[in-house]
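Since the structure comes first, as structure tokens, the remarks are kept for the end.
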Protein chains: 2
Amino acid sequence: MTADRDRRRATIHDVARHAGVSITTVSHSLNTKGIVAAATRQRVLDAAAALGYSPNPIARRLRGNRLGVIGLVIRPLDSLETYQPEGVDYFVRFVGAAAVESLDRGFGLMLVRDPTKQNAPAIALGVDGFIVCDPVGNDPVIELLDRSDIPLVTVGRDIERPNFENWLESGGVTDATVVFEHLSAQGAKRIALVTGTDDNAWYADSMQAYAEWILAHPQDAIVYHQDETTGETGGRVVADAMLADARGLPDAVYFLTGRGAAGLQARFQERGLEIPRDLLIVAGSDAEQTRSAVPTITSVDLAPEETARAAVDFLLRRLDDENAVAPPPVQNTLRVRGSTTRPSA
Amino acid sequence: MTADRDRRRATIHDVARHAGVSITTVSHSLNTKGIVAAATRQRVLDAAAALGYSPNPIARRLRGNRLGVIGLVIRPLDSLETYQPEGVDYFVRFVGAAAVESLDRGFGLMLVRDPTKQNAPAIALGVDGFIVCDPVGNDPVIELLDRSDIPLVTVGRDIERPNFENWLESGGVTDATVVFEHLSAQGAKRIALVTGTDDNAWYADSMQAYAEWILAHPQDAIVYHQDETTGETGGRVVADAMLADARGLPDAVYFLTGRGAAGLQARFQERGLEIPRDLLIVAGSDAEQTRSAVPTITSVDLAPEETARAAVDFLLRRLDDENAVAPPPVQNTLRVRGSTTRPSA
DNA sequence: CACGATTAGCAAATCGTTTTGTAAAAAGCT
DNA sequence: AGCTTTTTACAAAACGATTTGCTAATCGTG
């Protein structure tokens with residue numbers, strides 16, 4: 001089952017010898033560079049085919065060419081000490097779609113941890129380009145890649161880097177406004193917002209949209225921040241905090257993380273509230289927990305697949321043209337479900 | 001925001017010049033090879049730190065060292081003309097867990113399409129090792145990697161390669177037997193088996209277990225094969241075929257793909273059967289569709305996360321020790337749900 | 001002080017490509 | 001024939017590391 005002869009992979013030298021020419025001529029023939037007589041070129045091609053030769057991508061890259069790999073960093077997963085993506089629906093779907101799109105375009109997709117960390121695989125800085133998903137403010141990963149002259153594209157902007165332009169919109173002001181309008185249409189008068197604790201654009205934009213909404217529709221500002229890594233438990237904690245709040249309960253909650261929203265709903269139900277009769281709930285990202293909760297929870301579908309494809313496409317365009325411009329934002333949609341559908345309506 | 005000077009990344013030569021030594025000494029100092037005076041070594045280390053030097057992984061790899069990347073090929077996704085992983089629960093979870101485990105061990109995980117195909121990224125053959133998930137019989141990918149002397153580990157064996165030993169068990173004879181026993185305990189007397197059309201070990205082992213079961217518990221052999229890429233639609237097709245079968249309906253169906261099982265159940269319900277009263281259903285792999293169907297469908301949990309971690313660990317061990325031996329099979333469990341739970345029971 | 005053993009450090013080869021510069025051969029022109 | 005131009009092909013220099021010899025310098029020891 002092992003290689004019959006211990007013959008290593010054929011190199012350009014083998015092809016040259018086999019065709020009776022120099023390695024220069026081989027290289028030129030294969031890459032249609034330089035000037036090579038048609039007959040010679042054919043001879044080289046035949047020799048290459050006979051030997052099953054394919055150029056070594058590593059050697060090629062060393063000389064300055066492309067490796068055919070793009071790196072993907074998912075920041076929110078990164079910041080955790082122990083990577084724990086289970087149930088993090090959005091990222092799993094994002095990775096899958098990004099992989100497919102890259103592969104279809106002839107690139108491998110490499111998943112990498114924060115490349116600024118010491119134990120990061122060294123190859124991280126050898127790839128052709130990077131996609132950074134949901135960077136934090138003044139993200140050191142952007143800093144590093146930028147300094148290393150590696151093209152990069154982010155999904156969601158770095159809120160502390162107004163001059164950085166290579167980013168795609170991913171959920172933002174409009175999304176949040178659509179949610180508030182929906183809640184309002186369902187009769188909500190006191191809307192609460194719950195974000196995570198990361199310093200990213202998604203949270204910042206949602207906060208801003210909330211502030212603007214309140215200005216136009218006066219009510220108490222009810223905002224909670226809950227560490228996104230706490231998942232459903234975190235949602236329960238927020239529910240308890242709301243129940244203990246002297247200002248009284250809101251009549252609608254916009255919880256940005258899907259798992260958190262599910263935990264919040266479950267805890268409120270345990271404490272005797274009926275959803276959606278007593279309280280409306282919307283999750284800012286769709287997740288299995290929002291789809292399988294009872295009642296099912298209205299969620300923003302952030303369209304991770306489409307976003308991933310757009311990100312890969314944008315990066316690949318930038319590889320060829322440094323000045324390629326970002327595509328228009330991906331259209332997200334609100335999936336209205338049981339948690340905001342009053343039986344009467 | 002761009003690099004202030006167009007200073008490229010520092011090389012070993014820069015460090016050597018800065019420290020006033022030769023590049024040999026730099027290399028030796030950094031890798032603690034050779035013999036270097038403590039003072040010199042410190043000087044080199046300081047210079048390297050001052051310049052922010054880190055060795056170029058590509059150059060390193062060219063000389064024969066490790067790249068720090070492992071490749072992952074998911075065969076069932078590969079065989080499709082258009083990669084379409086949506087809803088394929090098992091693989092998405094597998095990829096996520098494999099990525100985490102690799103990253104934690106200092107390796108990047110690169111997703112690759114069938115590297116035997118022409119348009120595959122060239123780098124595919126430059127990685128340190130490969131994991132191939134669910135190889136088909138006499139898999140050309142194994143052939144290629146083996147010939148290229150790239151260490152590889154498969155999840156599920158290649159059924160036509162009895163001598164190939166570097167594989168992990170993934171669902172097999174035991175799983176299927178457990179399912180048949182469960183169905184039998186719930187009163188089933190005519191069990192049908194539905195596999196996909198791929199030529200892999202999972203299907204083959206299930207077929208064999210079925211054959212053995214029938215031998216011990218005489219009944220008609222009712223076996224269907226349905227292209228796994230057809231998803232829920234495929235499940236409906238099988239249901240219709242069973243309804244049209246002159247031998248009459250089975251009283252239990254073991255459908256290996258989760259989406260297929262969900263489609264089958266839905267179609268039977270449309271045609272007036274009540275599940276589980278009239279027919280028991282078990283899915284061979286868990287999926288969102290089996291969890292959210294009504295009733296929920298009993299499924300085998302193939303433990304993709306644990307399997308992925310075991311595969312990465314096995315491969316990494318084999319990188320260091322060619323003779324490392326495969327770990328024991330991962331324990332799968334049967335998640336009993338509504339589709340096989342008779343209210344009476 | 002002479003001698004072998006050890007310690008330090010360097011030049012050069014190597015990995016497999018691409019690219020640059022140059023020389024030889026062929027062709028074109030008076 | 002003698003000269004310039006165009007073709008064709010090659011040798012050699014990158015790319016950035018690791019590793020192999022080899023030469024000095026230092027150290028013990030009798």
Side-chain angles (χ1 to χ4, degrees), chain A residues 7-45 47-48 51-68 121-128 148-150, chain B residues 7-45 47-48 51-68 121-128 148-150:
Chain A
R7 169 195 62 211
R8 36 179 199 82
R9 205 167 150 186
T11 77
I12 197 171
H13 288 98
D14 300 325
V15 178
R17 200 174 321 118
H18 198 271
V21 297
S22 76
I23 61 165
T24 309
T25 305
V26 174
S27 178
H28 282 163
S29 300
L30 295 175
N31 303 327
T32 50
K33 289 234 172 118
I35 307 172
V36 181
T40 313
R41 174 152 193 275
Q42 190 56 53
R43 196 148 38 89
V44 170
L45 260 40
L51 268 52
Y53 168 78
S54 70
N56 180 327
I58 301 291
R60 201 170 219 178
R61 171 66 170 164
L62 184 59
R63 200 59 181 43
N65 290 284
R66 231 163 240 180
L67 190 57
I123 179 61
L125 297 179
V127 303
D128 302 315
S148 311
D149 256 329
I150 301 178
Chain B
R7 167 195 63 212
R8 42 187 190 75
R9 205 166 150 188
T11 76
I12 196 171
H13 288 98
D14 301 326
V15 178
R17 200 174 321 118
H18 199 271
V21 296
S22 75
I23 61 165
T24 308
T25 305
V26 174
S27 178
H28 282 163
S29 300
L30 296 177
N31 302 327
T32 49
K33 289 233 171 118
I35 306 170
V36 181
T40 313
R41 175 154 194 277
Q42 190 56 52
R43 198 146 37 89
V44 171
L45 260 39
L51 268 51
Y53 168 79
S54 69
N56 180 327
I58 302 289
R60 203 171 216 177
R61 170 68 172 164
L62 186 59
R63 198 61 219 292
N65 290 284
R66 228 163 241 181
L67 190 57
I123 179 64
L125 297 180
V127 303
D128 302 315
S148 310
D149 256 328
I150 302 178

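Considering all non-hydrogen atoms of both residues, Arg9(B) and Ser54(B) come closest at NH2-OG, 3.0 Å. Shortest non-hydrogen contact noted between His18(B) and Ala47(B) is ND1-CB, 3.5 Å. Listed here is the closest heavy atom pair of Leu67(A) and Ile123(A): CD2-CD1, 4.2 Å.
Taking atom CZ on Arg17(B) and atom P on dA11(C), their separation rounds to 14 Å, with Å as the unit. Atom pair Ile58(B):CD1 and dC15(C):C1' shows a separation of 13 Å (rounding to whole Å applied). Atom CD1 in Ile35(B) sits about 14 Å away from atom C1' in dC27(D), given to the nearest Å. The separation between Leu30(B) atom CG and dG16(D) atom C1' is 13 Å, rounded to whole Å. The interatomic distance linking Leu125(A) (CG) with dA17(D) (P) rounds to 12 Å, in whole Å.
When each of Leu62(B) and Val36(B) is assigned the nucleotide of DNA chain C bearing its nearest heavy atom, the one mapping closer to the 5' terminus is Val36(B).
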Under 3.5 Å, side-chain donor or acceptor atoms of residues 56-66 of chain A against the rest of the protein: list the pairs with distances, not counting sequence neighbours.
unit_1, atom_1, unit_2, atom_2, d
Asn56(A), OD1, Ile58(A), N, 2.7
Asn56(A), OD1, Ala59(A), N, 3.3
Arg61(A), NE, Gly126(A), O, 3.2
Arg61(A), NH1, Asn65(A), O, 2.8
Arg61(A), NH1, Asp128(A), OD1, 3.4
Arg61(A), NH2, Gly126(A), O, 3.1
Arg61(A), NH2, Val127(A), O, 3.3
Asn65(A), ND2, Arg60(A), O, 3.4
Arg66(A), NH1, Asp320(A), OD1, 3.3
Arg66(A), NH2, Leu319(A), O, 3.2
Arg66(A), NH2, Asp320(A), OD1, 3.1

Mind listing the side-chain donor-acceptor pairs of residues 34-41 of chain A below 3.5 Å, one per line with the distance, residues two or more places apart or on another chain?
unit_1, atom_1, unit_2, atom_2, d
Arg41(A), NE, Ser29(A), O, 3.0
Arg41(A), NH2, Ser29(A), O, 3.4

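Between the axis at the start and the axis at the end of the helix from dC1(C)-dG30(D) to dT30(C)-dA1(D) there is an angle of 60°, using five pairs per end and rounding to 10 degrees.
Residues that satisfy the side chain to side chain donor-acceptor pair (under 3.5 Å) test with Ser22(A), not counting sequence neighbours, are Thr25(A). Not counting sequence neighbours, the partners of Ser148(B) by the side chain to side chain contact (heavy atoms under 4.5 Å, CB included) test are Leu125(B), Leu144(B), Ile150(B).
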### Query
What is the per-nucleotide protein-contact pattern of nucleotides 17-28 of chain C, from the 5' end, where B denotes a base atom under 4.0 Å from a protein heavy atom, S denotes such proximity for sugar-phosphate atoms only, and - denotes neither?
BBBB--------
### Task
Check step by step if side-chain contact (heavy atoms from CB on, under 4.5 Å) holds for Leu30(B) and Val15(B).
CA-CA 11 Å; Leu30(B) 296 177; Val15(B) 178; 5.6 Å; no
Under 3.5 Å, which protein N or O atoms sit close to an N or O of nucleotides 4-6 of chain D? Give each pair with its distance.
none

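Contact annotation: Thr25(B) side-chain N/O to dC10(C) OP1/OP2 distance is under 4.0 Å.
For the salt bridge (Lys or Arg N to Asp or Glu O under 4.0 Å) condition, the pairs that include at least one residue of residues 15-29 of chain B, sequence neighbours left out, are Asp14(B)-Arg17(B).
Under the side-chain contact (heavy atoms from CB on, under 4.5 Å) rule, Val26(A) has a single partner from Leu45(A), Asn31(A), Val21(A), which is Val21(A).
Interatomic distance, Thr11(A) OG1 to Leu51(A) CG, rounded to the nearest 0.5 Å: 9.0 Å.
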